[in-house]
Protein chains: 2
Amino acid sequence: MSGGYLKGRIRRDDIVSAAAAVYGEAGYHASSLREIAKRAGITHAGLLYHFPTKEALLAAVLERRDAEDAAREQLTAAPPGLDVLRRFIALAEHNVRHRGIVEVYSRLAAEAVSEDHPAHAYFARHYREARDSIAQSFHALAETGELRPGVDPDLAALTFIALMDGLQVQWLTTPTQVDTVGSLRLSLQTLLTVPLFPN
Amino acid sequence: MSGGYLKGRIRRDDIVSAAAAVYGEAGYHASSLREIAKRAGITHAGLLYHFPTKEALLAAVLERRDAEDAAREQLTAAPPGLDVLRRFIALAEHNVRHRGIVEVYSRLAAEAVSEDHPAHAYFARHYREARDSIAQSFHALAETGELRPGVDPDLAALTFIALMDGLQVQWLTTPTQVDTVGSLRLSLQTLLTVPLFPN
DNA sequence: CCTACCGATCGGTAGG
DNA sequence: CCTACCGATCGGTAGG
């Protein structure tokens, strides 16, 4: 019955995977529909049958990434507090084992600083949501005395997100010299009065 | 006597300035020699008379940036310690008032994570030198008891550099919501046992 | 989904 | 430094 639709969904998924891989290697603007299509096993005109424009394909890549992240880490599900912070650390640990994911994200984020980039709104929203989520946790920790006195929760949240992103670029550039997870743990622990990972 | 050479140097400088501006807006790969040449008031073939290839122009942009940074902040001149850290903060303050500089740097850094990018070696070296400089200062502070006990100087150096870079991308994306200098001060102060900026 | 094509743009070169 | 050009590549469309 829905055989045709199923095949279409699989094909679309292959294209999105190929696109994410190419974006990671070349960024969005420098990626060509022909290269993406070749990896998906079709022509570039065939790709445009599934995604009407280059931008529509980018949107599909970003949407799938959001869905995957949400499903894997349940970042927003936990109540504000230490657990949320631990889940962000877990996300960083996952990323170290999946360089491709980090490449796409880092490259697109840098391109999207321009207001006219098609992914600009996506990243502006992404940053705001991440900051809000982390800030809520720091505020909760402040109320229970688990945040070091004098630390501003909102500023600490901004700092944590910026640190995650900066570490990723530096890690991609010189992988052997960057301990992403160690740096995140150090920074977080320094802000707390209780152990982040009790022995 | 050297009239011809002087004019050549001025023209070359105009081209480098135009290139830096375009790199900041579009990145390196997406920048065209024709757009850069137009802003410098010549044709793209004329540009190639001064710089033989697109890569040669990129190298000139990076070289000039290094020279300007070194001259302005004398980052390597100070003896390791609090003063070096304060100079990096001063650099961040300067950058907030010169968005264009930050755009070039952030965009190129993200592109250059690829090993085959012509600026890859430049950024790998840049990161290493920055880490070494900061690490030396943290080591010095550790010996005088000005670094919080338990803080690893090398990890703290990596963290500080990553934080600077991550803040810049987030600030470029959502300028009104990011306090770059405040975040850097908070992070540094949290690592120290003495005031970074005594009142 | 493909073949065939379009106009536009790219980095670089020849020749002056 | 310019004019004029090259081959290559781009996103997108027509027509099936």
Worksheet item: Atom CZ of B/R11 and atom C1' of D/dC2: how far apart are they, to the nearest Å?
Response: 12 Å

Item to complete: Would you classify A/T43 as touching base, sugar-phosphate or nothing, given that sugar-phosphate means primed atoms plus P, OP1 and OP2, and contacts are heavy atoms under 4.0 Å?
Response: base

Fill in: Base-pairing assignment for C/dT13 (Watson-Crick or G-U wobble, both under 3.5 Å)
D/dA4

Worksheet item: Rounding to a whole Å, what distance do you find between B/H29:NE2 and D/dT9:P?
Response: 14 Å

Worksheet item: Which of these nucleotides, D/dC2, C/dG11, D/dG12, is closest to any side-chain atom of B/I42?
Response: D/dC2

Fill in: Side-chain ion pair, A/E93 and A/R97, N-O less than 4.0 Å
no

Worksheet entry | Results of side-chain contact (heavy atoms from CB on, under 4.5 Å) for B/N95 - residues two or more places apart only | B/L91, B/I101, B/V102, B/Q168

Worksheet item: Are A/F138 and A/V151 side-chain neighbours, meaning at least one heavy-atom pair lies under 4.5 Å?
Response: no

Fill in: Salt-bridge present (A/R39, A/E25; N to O < 4.0 Å)
yes

Worksheet item: To the nearest angstrom, how far is A/H50 atom NE2 from D/dG12 atom C1'?
Response: 16 Å

Worksheet item: Think A/S32 has a side-chain N or O under 4.0 angstrom from the OP1 or OP2 of D/dT9?
Response: no

Worksheet item: Rounded to the Å, how far apart are B/L47 CG and D/dT3 C1'?
Response: 16 Å

Worksheet item: Whole-Å distance between C/dT13 P and B/L33 CG?
Response: 11 Å

Worksheet item: Taking atom C1' of D/dC10 as reference, at what distance in whole Å does atom NZ of A/K38 sit?
Response: 14 Å

Worksheet item: Taking CD from A/E55 and C1' from D/dG12, how many angstroms apart are they, rounded to a whole number?
Response: 13 Å

Practice prompt. Map A/L48 and B/A45 onto DNA chain D by nearest heavy atom, then report which one ends up closer to the 5' terminus.
Written response: B/A45

Worksheet item: What nucleotide, of D/dC1, C/dC1, D/dT13, holds the atom closest to the side chain of B/Y49?
Response: D/dC1

Discussion item. Please determine whether a side-chain nitrogen or oxygen atom of B/R34 lies at a distance below 4.0 Å from atom OP1 or OP2 of C/dT9.
Written reply: no

Practice prompt. Apply side-chain contact (heavy atoms from CB on, under 4.5 Å) to B/R11 and list each qualifying residue two or more places apart in sequence or on a separate chain.
Written response: B/D14, B/I15, B/I42, B/H50

Discussion item. OP1 or OP2 of D/dG12 versus the side-chain N and O atoms of A/H44: is any pair under 4.0 Å?
Written reply: no

Worksheet item: C/dC10 C1' sits how many Å from B/I36 CD1, rounded?
Response: 12 Å

